[in-house]
Amino acid sequence: MQIKVMTNILERNDQVAAALQERFKKAGILVINLLGSPGCGKTSLLEKTIKALKETLSIAVIEGDLFTAKDAERIEEHGVPVVQINTGGGCHLDANMIHDVLDCLDLGVLDMIVIENVGNLVCPAEFNIGEDCKVTVLSITEGDDKPLKYPLIFKQASAVILNKVDLLPYTNFDLKAAEKDITAIHPGVTLLPVSCQTGEGLEVWFNWLIKQVQIKKGKESK
Amino acid sequence: MHEMSIAQGILDIVLKTAAEHNAVKISCIKLLIGQMTQVEPESLKFGFAALAANTIADSAVVDITIIPLVGKCNSCGQQFTVERYSFLCPLCHSANILVVSGRELAVDYLEVE
Ligand SMILES: [Zn+2]
């Protein structure tokens, strides 16, 4: 006997993600799903962002990591609430993991939650975790072939950060080619070349974030 | 290996569906996987076989159809196969493209006894 099913395999995850999204919407909190390879500079970017914006915005961080709490410890030093999720080898965060830790945060006082996903260009792109937007970090040292190799994570991102641009003179990374590929994959995406080392471009990123928070709170139209 | 999470999702769906139809054995599972997903068919089959052991799906054949990535231009109406992940209309170069197919991740149908 044949049974027609036609069910989305990620349906259950998407249902939990939708419920989370509703909770964040009610609380007026912008939620960023921060994606990128290990070593692309997600945690450094997060540290710079917290330093620059913690007086302006009430920020909390959820740190996804395979086994360690190293990144969470780095963030904790900046005096913002941090929750650690260890996936125990799992290559991505899913909506249930976020749901399970949310009671550790005081949603009533927050403007923004940044969820640093597990370092990986493949799997996290498939799983919604209740975020408003995905931000993908690609660093110059990873090579300009990555967008066409892992297109989904660039297609799903609202903003793509090209980190470590201070290293451009020392690599064969073709910035123009990478920007062209990313824009072809996702026309209209916000592209932000930055260097967490020199601070170049970070101001633009901070302003982008502040604008997203204002849009979320309904203080500014898109 | 997120294929393991996806395999678990498939197993949950097929066991529930089979139970609703009082099936005693699942012989075939037909999946639709879009070209623009990050799923490795062989990893998925491997993961599913591991999870399905000791269930009524443990000898099920997992049959995967890959759905090509197709876009439709909202400006001129042209429908086209997306090459090299370029989401620009080949006819009018508009960037206003609707993804028609290629993002599927679904259980299509089951064969049961
Ligand atoms: Zn067109």
Side-chain angles (χ1 to χ4, degrees), chain A residues 1-17 35 64 66 87-97 117-118 120-129 134 136 145-157 177-178 180-189, chain B residues 1-14 16-40 43-44 48 69 71 82-89 93-97 99 102-113:
Chain A
M1 178 174 64
Q2 193 184 101
I3 309 170
K4 188 75 184 169
V5 186
M6 209 52 197
T7 303
N8 179 1
I9 296 163
L10 298 179
E11 191 175 78
R12 199 178 287 176
N13 181 74
D14 289 347
Q15 283 166 354
V16 178
L35 307 164
L66 294 168
T87 59
C91 53
H92 61 275
L93 296 175
D94 65 33
N96 260 319
M97 297 177 192
N117 216 310
V118 179
N120 181 340
L121 285 176
V122 182
C123 324
E126 290 286 3
F127 292 81
N128 294 322
I129 51 177
K134 294 180 171 72
T136 299
D145 59 335
K146 292 297 171 291
L148 285 179
K149 262 183 151 160
Y150 305 99
L152 187 63
I153 207 159
F154 295 94
K155 183 76 178 160
Q156 306 286 68
K180 197 175 156 235
D181 286 344
I182 294 167
T183 312
I185 293 165
H186 188 171
V189 67
Chain B
M1 254 291 272
H2 65 306
E3 279 82 1
M4 217 59 191
S5 319
I6 291 170
Q8 184 65 55
I10 295 167
L11 186 63
D12 293 345
I13 291 168
V14 300
K16 182 168 172 275
T17 308
E20 285 164 5
H21 291 79
N22 302 315
V24 292
K25 185 176 154 60
I26 300 172
S27 47
C28 179
I29 302 166
K30 187 84 181 174
L31 302 179
L32 301 178
I33 308 279
Q35 189 194 330
M36 199 182 198
T37 58
Q38 306 275 13
V39 173
E40 204 54 66
S43 303
L44 185 61
F48 184 82
L69 186 55
V82 176
E83 306 281 356
R84 276 180 64 89
Y85 299 104
S86 177
F87 287 84
L88 294 168
C89 175
H93 307 293
S94 165
N96 188 1
I97 304 299
V99 177
R103 286 288 295 129
E104 295 78 2
L105 213 47
V107 179
D108 186 5
Y109 64 82
L110 304 180
E111 302 271 3
V112 301
E113 289 164 19

Which atoms of [X] are under 4.5 Å from chain A, going by heavy atoms: the side chain, the backbone, both sets, or neither?
X	result
Asn96(B)	neither
Ile97(B)	neither
Ile13(B)	side chain
Glu111(B)	both

Item checked: Heavy-atom donor-acceptor pair, Lys155(A) side chain to Ile185(A) backbone, under 3.5 Å ->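 Here the side-chain-to-backbone pair exists.
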
Note to self: Check whether Asp181(A) reaches the backbone of Asp145(A) with its side chain - one donor and one acceptor, N or O, closer than 3.5 Å.
What the structure shows: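 Such a contact is absent between Asp181(A) side chain and Asp145(A) backbone.
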
Note to self: Could you tell me if the side chain of His92(A) sits less than 4.5 Å from the side chain of Val118(A), heavy atoms only?
What the structure shows: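 They are not in contact (no side-chain heavy atoms under 4.5 Å apart), so the answer is no.
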
Check: Can you check whether Leu44(B) reaches Ile10(B) side chain to side chain, under 4.5 Å on heavy atoms?
Finding: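 Yes; the side chains approach each other to less than 4.5 Å.
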
Item checked: Region of Gln2(A) that comes under 4.5 Å of a non-hydrogen atom in chain B ->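 For Gln2(A), heavy atoms of backbone and side chain both lie under 4.5 Å from chain B.
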
Margin query: Can you classify the ring geometry of His2(B) versus Phe127(A) as parallel (below 30°), tilted (30 to 60°) or perpendicular (above 60°)?
Written below: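 Because their plane-to-plane angle is over 60°, the rings of His2(B) and Phe127(A) count as perpendicular.
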
